[in-house]
Amino acid sequence: MDIKWKSNPKKRRLVIVVLFSLIVGTMAFYPSIIRKGEQIYENYEDQRTQGLNSDDKEVLSQIYTGCYVLYKESKEWEGQSDAKTSDLFFDFNASKISSDIKDEIDFYIEELINQWSSVFELYREQVDYCVLGENGASNTSRPLEQAVSDDSLNSELTSYYKEIFQVQFNENGVMEVTVFLAKDSNEEDVIIKELGKIDRKDLIKSTVLNNWGESVKMLQTKKPQNFTVIFAFPKRNEMTDAIENADYTSIYWYKIDAYTEAGAKVLYYTVMILLVLFAFYMGSRKVWGNEVMIDRPGNCYLMEAAIIGIISVLAAMSHSLIKIIWQYNYCESFSNLWGAIWSRGIYEAILPIIQTAIILLFVYTLWYSSISFVRPVFYLGVKEYIRQYSFFYQIFPWTKGKWNNFLSELHHIDFADKTTGVIFKVVLINFIVLSLISSLWFFGIAALFIYSVILFYIIRRYYDKIRQDYRILLQGVSCIAEGDLNTVITEDLGIFEPFRNELIKIRTGFKKAVDNEVKSQRMKTELITNISHDLKTPLTAITTYIELLKKENITEEDRKLFIETLEKKSQRLKVLIEDLFEISKLSSNNIILNLMELDVVNLMKQVAVEYAERFQESAIEFRWKVPDEKIILKLDNQKTYRIFENLFVNVYKYAMHYSRVYIDVTKIGSKIMIVIKNVSAVELNISAEEITERFVRGDDSRTTEGSGLGLAIAKSLTEAQGGTFDVEIDGDLFKVIIGFPFIQKQV
């Protein structure tokens, strides 16, 4: 519709002209409504300041029923508060009625007297009374009882009251009315005749007959007995002060009623009807031709806003719009307007009219817009209209999504975490539902039953889901317990979802343990094989050369050569046995450390010097990158020497000839990091973790000499002294990274 308005300026101007015309027309009726409304209000004021009159039949009726109320109160003052109200006004002994009906009458009469008492309370403030007798009561300090004892009324009573009369019931309940003071004889006759007429109706019995019919026709009623009360009506001039001091709210609503009777609501309703007809006319094809109506402006959903607008305007017409009429009451006629302009100035005189016009413009525009947005329901249908225009209908999918998220959250409670949020949401939703049910009063019982059924269904469904998830979890645990480590639970386990993650960890841990066990068994087999091979090789050579030495025909030169070979093989066997002994001690933590302060850089260079000849044979060069100052650490000298010795021996055996070895010593944080890098002569088809295992060599052919324990011993000795030992392999680049805690000062 907004596109249509932009392309149809004439129609837009037409709406503006109509709105302002209706505003002007509305305000044109204000002077006549003000004159008539003020006149009606003055009549109300006259009636209000008159007070109560004894010639008012309604007042006398309430005075008569008030006698019954006062009679009941007097009996209570006499100590008969435990007596039933029905016993005061019925003779059940003389009538044969069932006990059930008697109980019903007891309850009904009690309620009837209470109702009469509530009405009589409104008159106690304006009518003075005095109950005669020992237990009499009065609501005034003026001596009303003197009206009976004195032959003539004193001046105090005659100056204050305009009517005084007595209502007396004798021992048989017969009523007699005596008028002590009245305006004239005619008013006196009205009081006596009207009260007598009411008494003859027997109000209590007539109401009982209307409810129980013939079954209580023979029921005998009792009127007040031996009961006398004097009533007095104050004069008008005494009531005027109270009326003038009435609160603003009372005066406000009297004025609303006066202006409503003067035609204010008729005026506004007429304008609203005209706007409804105009809105339907502007939305018809007669205005728009063959153009297709746009369902709504842009992407706005205005059904709820239109309904609120209609309700707001209708509520404003009850008193808010009426109030603005009398606020500017100098406009009783247009001639007064010109006088106001001359006396007050044009600004002060016109400003109230402009303010009123702005209020009416807002109200009429809101009404017209609301009707325009409600009108499509007549050609779209209620269902389609709600679908296109309702904001709540559009947010329903969002609400449904939030509800599903809440259910999902409820189904996936993690008991390892705090569940306060979920519990709070459940309690809040339950509180809201019960609050809505409580507001339905009697119908809340049916709503509570429906809510209980729905709650039972939700809890039952939630319980079934938990039971199903438990079965799936139990089945998965059973499979893992039977050894099936490939079992994977793919289903959503709801609140047991954390258990699925733990089962995955258990399954992964079991598989890792099994793999480690298999690897351990394989390594044990390889260990036995490798030890056997490494021990057998030198022993075989020793045995062979011993057999050769036993021969008598060998030369002295061969004998020396054989003895030299035997010595070399025995030394190799000795080293192997020593390494085995060393690694066994390290494995059992049976190692003693003799800690001292030593310069690790100097110690490394010392080891490198001892193996310098071997490195020269292989044409291996060292590149040192070490600090200029000494690096003093608290370590075991012998064990640390063995670490570097094994590393340099490993370099000598496996580094590529004619290559360089890089040694870096740096301080990082609280650690001294030593990095040794070299390029391997053979292809490294082994992982960094496996190369530090026992009896593992860099060459699988095992052609080089060695036990395969060098790196394993170096790692164990490093860790025994609180350091770290890591190996990195990048292609053929072999890197050893050693870290020692730097706790000693530099020297």
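- Heavy atoms only, all atoms of each residue included: Y269 and L314 are closest at CE2-CD2, 4.4 Å.
- At a cut-off of 3.5 Å, with distance as the only test, a side-chain donor of Q62 or E58 sits close to an acceptor on the other residue.
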- Message: Apply side-chain contact (heavy atoms from CB on, under 4.5 Å) to residues T65 and V119 and explain how you reach the verdict.
- Response: CA-CA 9 Å; T65 55; V119 177; over 6 Å; no
- Between K223 and D199, is a salt bridge (charged side-chain N to carboxylate O under 4.0 Å, His left out) present by the stated rule, with each step listed? CA-CA 9 Å; K223 295 180 181 180; D199 183 64; 3.1 Å; yes
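- For E188, there are no side-chain hydrogen bond (donor to acceptor under 3.5 Å, both in side chains) partners, not counting sequence neighbours.
- To the nearest 0.5 angstrom, K255 atom NZ is 4.5 Å from E38 atom CD.
- Contacts of T26 classified as side-chain hydrogen bond (donor to acceptor under 3.5 Å, both in side chains), with partners at least two apart in sequence or in another chain: Y364.
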- Run the side-chain contact (heavy atoms from CB on, under 4.5 Å) check on L361 and F20 step by step: do they pass? CA-CA 7 Å; L361 177 62; F20 276 98; 4.2 Å; yes
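- The aromatic rings of F89 and Y68 lie tilted to each other, with the angle between the two planes from 30° to 60°.
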- Let me see the working for Q168 and F227 under side-chain contact (heavy atoms from CB on, under 4.5 Å), right down to the final yes or no. CA-CA 6 Å; Q168 182 179 21; F227 180 72; over 6 Å; no
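- The distance from atom OG of S206 to atom CD1 of I204, rounded to the nearest 0.5 Å, is 9.0 Å.
- Listed by chain and residue number, nothing satisfies the salt bridge (charged side-chain N to carboxylate O under 4.0 Å, His left out) test with D128 (two or more places apart in sequence, or in another chain).
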- Before giving the answer on side-chain contact (heavy atoms from CB on, under 4.5 Å), spell out for M303 and F373 the whole-Å C-alpha distance, their side-chain angles and the decisive distance to 0.1 Å. CA-CA 7 Å; M303 184 189 80; F373 290 120; over 6 Å; no
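- Among residues two or more places apart in sequence or in another chain, the side-chain hydrogen bond (donor to acceptor under 3.5 Å, both in side chains) test is passed with T221 by D202.
- Partners of Q225 according to the side-chain hydrogen bond (donor to acceptor under 3.5 Å, both in side chains) rule, which considers only residues two or more places apart in sequence or in another chain, do not exist here.
- F120 meets the ring pair (Phe, Tyr, Trp, His ring centres under 6.0 Å) test with no other residue; sequence neighbours excluded.
- For the atom pair OG (S312) and CD1 (I307), the distance works out to 11.5 Å, reported to the nearest 0.5 Å.
- Checked against a 6.0 Å centroid threshold, the rings of Y368 and F278 count as neighbours.
- The line from SG of C67 to NZ of K72 is 15.5 Å long, rounded to the nearest 0.5 Å.
- Looking only at side-chain heavy atoms (C-beta outward), W116 and L203 come within less than 4.5 Å of each other.
- Salt-bridge annotation for R124 and E121: present, with a side-chain N of the basic residue lying under 4.0 Å from a carboxylate O of the acidic one.
- Contact detail for R375 and F280: the closest heavy-atom pair is CG-CE2, 3.5 Å.
- The shortest non-hydrogen separation linking S370 to G309 is OG-CA, 3.6 Å.
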